[in-house]
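Taking it in order: structure first as structure tokens, then the write-up.
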Amino acid sequence: MSLIEVKNLSFTYGIGTPFEKKAVDDLSLSINEGEIIGLIGHTGSGKSTFVQTLNGLIKPTEGQVLLEGKDIWEKPKEIRKVRFKVGMVFQYPEYQLFDETVYKDISFGPANKGLSGDDLDKTVRRAARFVSLNDRLLDKSPFDLSGGEKRRAAIAGVIAMDPDVLVLDEPTAGLDPKGRDLLLSQIIGYHRERKNTIILVSHSMEDVARVADRIMVMNRGKLEMLDTPRAVFSRVEELERMGLRVPQITRVMTILREKGYDFSDGILTVGQAFDEVLSLLKKEGKL
Amino acid sequence: MIRDVSFGQFMPGKSVIHRLDPRIKIVLLIAYIVFVFCTFNFVSLAIVSAATIAVILLSGIPFRMYVKSLKVVIIIVLITSLLNIFYGGGDPIFEWGIIKISLSGIYRAIFVSVRIVLLILLSSCLTFTTTPTDLTDAIERLMKPLKVLHVKVHEIAMMMTIALRFVPTLLEETDKIMSAQKARGADMESGGFIKKIKAMTPVLIPLFVSAFRRAYELAVAMECRCYRGGDGRTRMKTLHMKPLDYVSVILSCLLLTGIILCNIFLAPII
């Protein structure tokens, strides 16, 4: 059964002012339990607005969001319960840190959920472990951490609520390549252990190609594609028309294929490309 | 939500009022405020009201935007007019215990409320049709004579520009931080007054931190471009008076004459 179902969802900003803008336009889809969805789209394509409708931060002007088969706006007073089930990490989440210590900041979410005592302690430490923040850092002020550590502390604050769906809005933006790789592998590690659904919004085609089971492409508020990474990244021209592109390694391999090298189609990561080159060299007896 | 603050928001347009020189607009606004308080009988009040409505129509801004900005002050209008009803003096037409209402009290209430409404309408018209940068630019020009008194005119104008520039940015930031904390289950809607204030801590602290960070970054960026105050600084956009501006001044003078004539030949009501 699908965990999240979105039916004809639309959202318009600033209705009745000169700044009126339709951010999400008649969007329908369903997301299964345990999937990693990569969400890509040009700036202003409505990605952020769409993900904010999933946990009820934005109330859709039309359409429905069903979580486990139930409309999340059925009882508007209980919208907070939805927010514990659908955890949301915003862009640059380190700007939301506020408490005296990292430990207290991470416990803000689970404490709001109603945890206390040993349960709270266990959850906080587990969340910190997922993003490899060691115990020494937990007693520091969040404002004394480095950029990457702040980011990870903020993500831990959402993971600590133990949500069934975790939405990450460009979690790697502004990190150095090493921090990026580290964070992505931590997210994958967390997903393997917890087996929950993850929606990853990103501008990096490489990132989504690496982690996503399915990729969702948005353009001007509309859902253009929702398919496996292989299928999505084979539609090069369409993607380019929307101001997107395929991962660099995919382009390199396509060009090489056009030049006559016998590589298979739809290579998405450097690792896959490495294996392809290796097997080709072996086949030609050059290795 | 927070972004719905309409009071003082610039609305792009190409109307006559938009095209007026911002200096003229400020001077005329001050003049109109004086006119509004020089109305002592219904005829002059009607003349000033008609002029205000004409300005509003010329501005091409939807009327409901003006209504929105009036909503902010509606309580002030009600309270002041209510107080004025009881402080009229003269022969009471209605008496109940210590409450005495006279005809002049009712007149006073009408005048006070109409005056406040006109004030708000005119000043919203200024901010609706003038960009914040034009506005501070004009203020800087108008305050220039104060330099003789060693008032730091340029610095004041620069501070105003920066403050106005960052109002929307900070509002947006507040919105974002509130969403982020709500996503972590922060409850900002329910509970009493004290609880609501306490619930704002997770919003206010990050907001202050980012405001200081922005201020610091802006200061560095300005210094990188060798900003050193107003001395010897030229402008990208210099203000010039156009025929339209003279026309508006002449029309306003006619209005003033009309009001003065009314006051001379008609008996004052309040």
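Everything quoted here is computed from the prediction, not taken from an experiment. Per chain, numbering begins at 1; letters A, B, ... match sequence-line order.
Taking the six-membered ring for Trp, A:F90 and A:Y95 have ring centres at least 6.0 Å apart.
At a 4.5 Å heavy-atom cutoff, A:D99 makes no contact with chain B through either its backbone or its side chain. Residue A:M161 touches chain B through its side chain alone, counting heavy-atom pairs closer than 4.5 Å. For chain B, no part of A:Q91 is nearby; none of its heavy atoms comes within less than 4.5 Å.
The side-chain hydrogen bond (donor to acceptor under 3.5 Å, both in side chains) contacts involving residues 193-209 of chain B comprise nothing, where partners must be two or more places apart or lie in separate chains.
Shown here are the side-chain hydrogen bond (donor to acceptor under 3.5 Å, both in side chains) partners of B:R214, two or more places apart in sequence or in another chain: B:E173.
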| task | Carefully, step by step, assess B:Y66 and B:F128 under the rule ring-ring contact (aromatic ring centres under 6.0 Å, His included). | result | CA-CA 9 Å; B:Y66 287 101; B:F128 282 154; 5.3 Å; yes
